[in-house]
Peer 1: 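Following this message is one structure expressed as structure tokens.
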Amino acid sequence: GSSRFPLTAGKYTVLGILTDNQDNAKAKENAETTLLRHPDVACMVGLWSQNTPMILAGLRSSGATGKVKVVGFDEHAETLQGIRDGVVHGTIVQQPYVFGYRSVQWLTQIARGEPVDVPESGLVFIPHRTIDAENVQDYADELEAIRSGNGPLLDPDSKLDGNGLKVAYITNSVDPFWVWADYGCKRAAQQFGTQVEVQMPSSGSVEEQKRFLETNVAAGLDGVAISPIDPDNQVQMIDTAAAALPLICHDSDAPASARRFYLGTSNYMAGRAAGKLIKQAIPEGGKVMLFVGKMEVLNAQERSQGIIDELSDKPVPAIFEGA
């Protein structure tokens, strides 16, 4: 709750976490209000894709562009342009292309009876990346390569043969983020010969995901990867599908279910990485405000906790070592 704030974290003061319910006008207003209430705010941090562009809009309308440091998440075009222009210090990105590619590859391996190297925890962390002025152009070039169908082959020497196999990759919504995952699925399908169907629930509902799962089981698919929308309440439907075909979770986990394993970002460690960017941006310390769509979503909680722990110089919990 808001009672924890303002919070002292090392030589930093975290003023609070402002939510906008994914309303851009509200997100921009949150940035403007922060500048009015805290004219000495040193750094503003956007936890979701749309937050950083809206922070930049709020800074522009308040005549504060370049006076406040900005740290973000995700690869929104305006965020990357902000890094080029020197008004965003850096952004932490996930690798949805890798989610898609690895899901198809590993489901193919399971279907062929080949082992997949999964840690004891059942969590396969796909590393996040830190993008700043040094590497923003290289990163933009990589995205362009993916967009033109020439994304990297993550396992170029693999002899895996998926011909005759068909798998499904279920997302939690329709979103630009998932377009990158779709490219990864298609690149792996092309390399290994596996057929893949990418299924995006248009209304982002649990019911749609249930229909996809039932259809995939009925069609006798060789494997399915799913990003559960409401994992706590989807255990039964996941278990039913997992009894019929190999099932893994990507992006969002359902640890109480019979899924084989989970692959995705460690949002806590991504938060630690954002904390490191804040330390670089304002090494002397200062006031920090965080902005996000909704705090109910686990990734928002994990990212903000990672930031606070990093600013406080807390040790990294053992489960995340190597994430």
Peer 1: Membership question, hydrophobic clusters at under 4.5 Å side-chain separation (ILVMFWY): are Val316 and Val124 in the same one?
Peer 2: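 No; Val316 is not reachable from Val124 via cluster members.
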Peer 1: Rounded at 0.5 Å granularity, tell me how far CZ in Phe192 sits from OG1 in Thr108.
Peer 2: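 So the gap between those two atoms works out to 7.0 Å.
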Peer 1: Are the side chain of Lys159 and the backbone of Asp157 linked by a donor-acceptor contact shorter than 3.5 Å?
Peer 2: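 Yes; judged by distance alone, with no hydrogens or angles, the pair exists.
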Peer 1: Is it the case that the side chains of Gln105 and Ser158 hold a donor-acceptor pair, with the cut-off being a distance below 3.5 Å and no angle test?
Peer 2: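 There is no such pair (donor and acceptor under 3.5 Å, judged by atom type) between the side chains of Ser158 and Gln105.
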Peer 1: Between Tyr97 and Pro152, what is the shortest heavy-atom contact and its length?
Peer 2: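 Heavy atoms of Tyr97 and Pro152 come nearest at OH-O, 2.6 Å.
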Peer 1: Rounded to the nearest 0.5 Å, what separation is found between the CG atom of Leu18 and the CD1 atom of Ile55?
Peer 2: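 With rounding to 0.5 Å, CG (Leu18) is 9.5 Å from CD1 (Ile55).
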Peer 1: Could you tell me whether a side-chain N or O of Lys11 sits under 3.5 Å from a main-chain N or O of Pro283, the two making a donor and an acceptor?
Peer 2: yes
Peer 1: Is the closest basic N to carboxylate O distance between Arg147 and Glu144 below 4.0 Å?
Peer 2: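 Yes, Arg147 and Glu144 are salt-bridged.
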Peer 1: Keeping Ser62 on the side-chain end and Ala64 on the backbone end, is there a donor-acceptor pair under 3.5 Å?
Peer 2: no
Peer 1: When rounded to the nearest 0.5 angstrom, what is the spacing between OG in Ser203 and CD1 in Ile229?
Peer 2: 7.5 Å
Peer 1: Which pair of non-hydrogen atoms, one from Ala42 and one from Val68, has the smallest distance, and what is that distance?
Peer 2: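 What the structure gives for the nearest pair is O-CG1, 3.7 Å.
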Peer 1: Less than 3.5 Å apart, any donor N or O on the side chain of Arg187 or Tyr183 sitting next to an acceptor on the other?
Peer 2: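 Distance-only check fails for Arg187 and Tyr183.
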Peer 1: With a 3.5 Å cut-off and no angle check, do the side chains of Asn21 and Asp23 form a donor-acceptor pair?
Peer 2: no
Peer 1: Is it true that Glu208 and Ser202 share a donor-acceptor pair across their side chains at a distance under 3.5 Å?
Peer 2: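 Yes, because at least one side-chain N or O of Ser202 sits under 3.5 Å from a partner of the opposite role on Glu208.
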Peer 1: Same cluster or not: Met54 versus Val288, using hydrophobic residues (I, L, V, M, F, W, Y) connected whenever any side-chain heavy atoms lie under 4.5 Å apart?
Peer 2: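 No, Met54 does not connect to Val288 through the hydrophobic network.
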Peer 1: So does Met295 get a backbone contact from the side chain of Gln301, meaning a donor-acceptor N/O pair under 3.5 Å?
Peer 2: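 Yes: the side chain of Gln301 pairs with the backbone of Met295.
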Peer 1: Is the backbone N or O of Thr19 less than 3.5 Å from a side-chain atom of Asn30, with the two atoms forming a donor-acceptor pair by type?
Peer 2: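 Side chain of Asn30 to backbone of Thr19: a pair is present.
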Peer 1: Spell out, yes or no, whether Leu47 and Val93 are grouped together once hydrophobic residues are joined by side-chain heavy atoms under 4.5 Å, including indirect joins.
Peer 2: no
Peer 1: When you look at CG of Asp117, are more than 12 heavy atoms from neighbouring residues, nucleotides or ligands closer to it than 6.0 Å?
Peer 2: no
Peer 1: Going from OG1 on Thr79 to CZ on Arg84, what distance comes out if it is rounded to the nearest 0.5 angstrom?
Peer 2: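 Taking OG1 in Thr79 and CZ in Arg84, the distance rounds to 11.0 Å.
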Peer 1: Kindly compute the distance separating CD1 (Ile226) from CE (Met237), expressed to the nearest 0.5 Å.
Peer 2: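 Ile226 CD1 to Met237 CE: 7.5 Å, rounded to 0.5 Å.
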Peer 1: Does the cation-pi check pass for Arg303 over Phe73, that is, NZ or CZ under 6.0 Å from the six-membered ring centre and within 45° of its axis?
Peer 2: yes
Peer 1: Side chains of Asp20 and Asn51 only: does a donor on one sit below 3.5 Å from an acceptor on the other?
Peer 2: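 Yes - a donor-acceptor pair under 3.5 Å links their side chains.
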Peer 1: Walk me through it: do Val41 and Leu15 pass the test side-chain contact (heavy atoms from CB on, under 4.5 Å)?
Peer 2: CA-CA 9 Å; Val41 65; Leu15 296 167; 4.1 Å; yes
Peer 1: Side chains of Tyr101 and Asp155 only: does a donor on one sit below 3.5 Å from an acceptor on the other?
Peer 2: no
Peer 1: Closer than 3.5 angstrom, by distance alone: can the side chain of Glu302 be matched with the main-chain N or O of Ser266 as a donor-acceptor pair?
Peer 2: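 Side chain of Glu302 to backbone of Ser266: no pair is present.
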Peer 1: Would the distance check show the side chain of Asp222 and the main-chain N or O of Lys166 forming a donor-acceptor pair, the cut-off being under 3.5 Å?
Peer 2: yes
Peer 1: Please find the pair of heavy atoms, one from Thr265 and one from Ala270, that lie closest to each other, and give the distance.
Peer 2: CG2-CB, 4.3 Å
Peer 1: Which heavy atom in Ser103 sits nearest to a heavy atom in Leu263, and how many Å separate them?
Peer 2: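 Taking Ser103 first and Leu263 second, the nearest heavy atoms are OG-CD2, 3.6 Å.
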Peer 1: Would you call the rings of His250 and Tyr169 parallel, tilted or perpendicular if under 30° counts as parallel and over 60° as perpendicular?
Peer 2: parallel
Peer 1: For Glu310, is there any backbone N or O sitting under 3.5 Å from a side-chain donor or acceptor partner on Lys279?
Peer 2: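 Answer holds: yes.
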Peer 1: Using the rule that two of Ile, Leu, Val, Met, Phe, Trp, Tyr join whenever any of their side-chain heavy atoms come within less than 4.5 Å, decide whether Leu35 and Val45 are in one cluster.
Peer 2: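 No, Leu35 does not connect to Val45 through the hydrophobic network.
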Peer 1: Should the heavy atoms of other residues, nucleotides or ligands under 6.0 Å from CD of Gln236 be counted, would the total exceed 12?
Peer 2: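 No - once you tally the heavy atoms of other residues, nucleotides and ligands closer than 6.0 Å, there are 12 at most.
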Peer 1: Does Gln109 reach the main-chain N or O of Pro115 with its side chain, forming a donor-acceptor pair under 3.5 Å?
Peer 2: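 It does hold such a pair.
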Peer 1: Heavy atoms only: give me the nearest Asp132-Ile83 pair and the separation to one decimal.
Peer 2: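 Closest pair (atom of Asp132, atom of Ile83, distance): C-CG2, 3.5 Å.
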Peer 1: With side chains defined as the heavy atoms from C-beta onward, is the minimum distance between Val292 and Ile17 less than 4.5 Å?
Peer 2: yes
Peer 1: Enter the distance from Gln209:CD to Asp230:CG here, rounded to the nearest 0.5 Å.
Peer 2: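 The CD atom of Gln209 sits 9.5 Å away from the CG atom of Asp230.
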Peer 1: Would a hydrophobic clustering, with Ile, Leu, Val, Met, Phe, Trp and Tyr connected at side-chain separations under 4.5 Å, put Leu290 with Leu277?
Peer 2: yes
Peer 1: Tell me whether the rings of Phe99 and Trp178 are parallel (<30°), tilted (30 to 60°) or perpendicular (>60°).
Peer 2: tilted
Peer 1: Answer whether the closest heavy-atom distance between the side chains of Trp48 and Gln22 falls below 4.5 Å.
Peer 2: yes
Peer 1: So, are Arg211 and Glu207 salt-bridged, with charged N and O less than 4.0 Å apart?
Peer 2: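 Salt bridge between Arg211 and Glu207, a charged N being under 4.0 Å from a carboxylate O: no.
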Peer 1: Could you tell me whether Glu214 atom CD has more than 12 heavy atoms of other residues or ligands within 6.0 Å of it?
Peer 2: yes
Peer 1: Verify, without hydrogens or angle tests, whether Ser312 (side chain) and Lys314 (backbone) share a donor-acceptor contact under 3.5 angstrom.
Peer 2: no
Peer 1: Of Ser227, Ser252, Pro201, which meets side-chain contact (heavy atoms from CB on, under 4.5 Å) against Thr171?
Peer 2: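 Option passing the side-chain contact (heavy atoms from CB on, under 4.5 Å) with Thr171: Pro201.
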Peer 1: Considering non-hydrogen atoms only, spot the tightest contact between Tyr262 and Asp251 and give its length.
Peer 2: OH-O, 3.2 Å
